[in-house]
There are 2 protein chains.
Amino acid sequence: MWSIFSTSGQDDGEATVTGAARWTQILRHTVDVVADRGYAGASLNRIADHVGISKGLISYHFAGKDELLEALVRDVFTRGAEFVMRRWGAHVPPDVPASEALRVYLEGNLGFIAANPRDVGAVVEIVRNHRDAEGRLVFGTAWDEELHKELARIFIAGQEAGEFRRFDPRVMAIAVRRVIDGFTFQITAHPDMDADAFTAEVVTLFDHATRATPMETTTDA
Amino acid sequence: MWSIFSTSGQDDGEATVTGAARWTQILRHTVDVVADRGYAGASLNRIADHVGISKGLISYHFAGKDELLEALVRDVFTRGAEFVMRRWGAHVPPDVPASEALRVYLEGNLGFIAANPRDVGAVVEIVRNHRDAEGRLVFGTAWDEELHKELARIFIAGQEAGEFRRFDPRVMAIAVRRVIDGFTFQITAHPDMDADAFTAEVVTLFDHATRATPMETTTDA
DNA sequence: CTAAAAATTGACCACATGGTCAAAACCGTA
DNA sequence: TACGGTTTTGACCATGTGGTCAATTTTTAG
């Protein structure tokens, strides 16, 4: 699970302590700039100004803007994966019912977002906008594909166990991911919202959406 | 309903036939460029090249890039509203059950997207990215707010009628809108997908998500 | 204390951006 | 044909972009 990037933790190629600190500092400020000026507004100049350093220094620590953004995405993603896995390990014994797995998945993801809204916001912005020279999304497609496959596995397991009704796992996966990402926007736009209440609503929503109705609990079609 | 823009139909300020034709032509090509190069990749130069005219001519027909993008959004939005309203009028007699209203809402929206994926894709791209000089989203917030309110009305009606279970109408509205917009991305990434099947799945999903379970059909808490 | 290494600056580059404008081409019509 | 309005171009502008690099400061180690 969670395997788009094979990286483990800090992939920060900086040798010295100073270097690593700057590296982190630049990433943190990049998050801020992207989060409140958007992908298009996050120029190297603006980021440098925001950090309080010269633009050249960014180039000293990162090969180019692409690498900076990639590092940002990788960093937040890795932390998110750790966060979710920690919860998973704590709450999910082997062979849990799929509905439990789904609940933990949702709570984990929404929990991480609630705790790091700006970071996740920046990542979403980048994933949704960063393109190569030919105009193809750099992360976009593969990213979604991976996350959807992951969820689909949970759904299929639940359907085979008769726990979930029959539905297209792909469509349900899209719905779940879309709602999760939507939460990022919501919490950004309304920072004072009740994240736990939102989470509870979403969990219930998808519980109803997936669970087999008593009469449908039969075997195959 | 559907009232962010008070405009009715073509707001095209062009007096002559030629002018109106160019106006439309530029908008159509802008859709194409935004749809496959993204918001950031849609420069006036690229749009002009794509149309086969000089950049200056765009400025002749539109006061600026902002106005061009606004016109684009308004145009597609208006057509979408008409599309949905037509279906509504055809299929929805007064005092329909809320579940029917929701179904028609979903089918209308997804139907329009399936019929005009690139146009809607471009609009989503613009709405999600276009910012003013201070970095605030120009459409983003108000846009969502309006659409959510609309859906919330349906949900509240359904809950008052005992047809829907008790849930936060706001959260459900967010979920519905997120899934609808997600469909735009899906159909863009996989143009050969089965839109009707997807629609059916989504309708079922939200039917389960909203409908009151037999035992819950009671009155208030 | 000194010399090498690391970190940092600021000037610079080629290029793209949105926007302007005078000149030219096009057009209907008197 | 000549006029007047509309349409269209292409050169131009100020600004911003990502990126480079020699020169400089700061840190580290011998």
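FYI, side chains are in, hydrogens and waters are out, and symmetry mates aren't considered; it's all heavy atoms of this structure. Numbers restart at 1 for each chain; the letters A, B, ... are given by sequence-line order, proteins then strands.
For the pair A/Arg86 and A/Phe112, the cation-pi criterion (under 6.0 Å, within 45° of the ring axis) is not fulfilled.
Residues satisfying the side-chain contact (heavy atoms from CB on, under 4.5 Å) test with A/His50, not counting sequence neighbours, are A/His29, A/Asp32, A/Val33. For B/Asp66, there are no salt bridge (Lys or Arg N to Asp or Glu O under 4.0 Å) partners, not counting sequence neighbours.
A/Arg22 and A/Gln25 share a side-chain donor-acceptor pair at under 3.5 Å.
Ring-plane geometry between B/Trp143 and B/Phe139 is classed as perpendicular, the angle between the planes exceeding 60 degrees on a 0 to 90 degree scale with a lower cut at 30.
The phosphate of D/dT6 (OP1 or OP2) has no side-chain N or O of B/Arg22 nearer than 4.0 angstrom. Listed pair A/Tyr60 / C/dA7 meets the phosphate criterion, a side-chain N or O lying under 4.0 Å from OP1 or OP2. Checking the phosphate oxygens (OP1, OP2) of C/dA6, no side-chain nitrogen or oxygen of A/His61 falls inside 4.0 Å.
Within residues 123-133 of chain B, no residue has any heavy atom under 4.0 Å from DNA chain D. Within residues 30-46 of chain B, no residue has any heavy atom closer than 4.0 Å to DNA chain D. Taken residue by residue, residues 49-59 of chain A places heavy atoms nearer than 4.0 Å to DNA chain C at A/Ile53, A/Ser54, A/Gly56, A/Leu57.
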N/O to N/O distances under 3.5 Å, protein versus nucleotides 23-29 of chain C:
none

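Protein atom CD of B/Gln25 is 13 Å distant from nucleotide atom C1' of D/dT8, rounded to whole Å.
Put simply, the side chain of A/Glu107 reaches to within 4.5 Å of the side chain of A/Arg87, judged on heavy atoms.
Between B/Arg79 and B/Glu82, none of the side-chain N atoms (NZ, or NE/NH1/NH2) sits under 4.0 Å from a carboxylate O, so this pair counts as no salt bridge.
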